[in-house]
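Residue numbering restarts at 1 for every chain, and letters A, B, ... go by the order of the sequence lines. Small disclaimer: the values here were computed from a predicted structure and weren't measured.
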Amino acid sequence: LAKTTQPISMDSYEGQEVNITCSHNNIATNDYITWYQQFPSQGPRFIIQGYKTKVTNEVASLFIPADRKSSTLSLPRVSLSDTAVYYCLVGGQTGANNLFFGTGTRLTVIP
Amino acid sequence: DAGVTQSPTHLIKTRGQQVTLRCSPKSGHDTVSWYQQALGQGPQFIFQYYEEEERQRGNFPDRFSGHQFPNYSSELNVNALLLGDSALYLCASSESGRSYEQYFGPGTRLTVT
């Protein structure tokens, strides 16, 4: 089971780009990298998922280097509503047992 | 299109009692997973149900059991409640084979006194 390491917390001003990096040195060949967002008293919300290189959707971008031992979630021009906990997960496409949430990164956006 | 729904929202039980939590998956989803989230921690996987059977299980004792019905809805049962079972219980649904993309419900806040 590939474990992940993320910063415990980050602060950012509104309008800035935020990059959250996750380390996963023991990632397996068939593991995907997935990021979730969680607001207080709500369930986590899927943000983005990738295997290698770069993935972009309407919410965020995910950068994965060639060795796949880390990944970076990039949130463009954050707003106050982006204040949340962000989880990096590594696991296979099938089987929730592979999804280990860890403690996540608490992002606080400052006005 | 309704997302994942859970009931009840909040629940207070006494140590030693039993509790049943309910979950209805997102339309089109056939797989349901349950998580326990203690305060300040990430969600911990309890088990996953698919085709009315427990497909995978995390590191939780047998006091935690579940069920999935033909309409894909699911129940989580916890027997002999302990104070340490107090947590937010989250249900998540997904399409079979796409467990990495799970849709979570709002959770049930269980308090054991």
Got a second to check how far B:Glu53's CD is from B:Gln68's CD, nearest 0.5 Å?
10.0 Å
Ranking B:Gly42, B:Gly107, B:Pro43 by heavy-atom pairs under 4.5 Å to chain A gives rank one to B:Pro43
Picking from B:Gln37, B:Glu101, B:Arg109, which has the most non-hydrogen pairs under 4.5 angstrom with chain A?
B:Glu101
What's the verdict on side chain to side chain donor-acceptor pair (under 3.5 Å) for B:Gln36 and B:Tyr89, showing C-alpha distance, side-chain angles and the deciding distance?
CA-CA 5 Å; B:Gln36 179 194 67; B:Tyr89 287 85; 2.9 Å; yes
When the 4.5 angstrom heavy-atom criterion is applied to B:Gln6 and chain A, the contacting part is neither
Taking side chain as everything from C-beta outward and backbone as N, CA, C, O, which of these in B:Pro106 sits under 4.5 Å from a heavy atom of chain A? Side chain, backbone, both or neither.
backbone
Using 4.0 Å as the upper bound for N to carboxylate O, is an ion pair formed by A:Arg68 and A:Asp31?
no
Give a yes-or-no answer on whether the side chains of A:Ser23 and A:Thr5 include a donor-acceptor pair shorter than 3.5 Å.
no
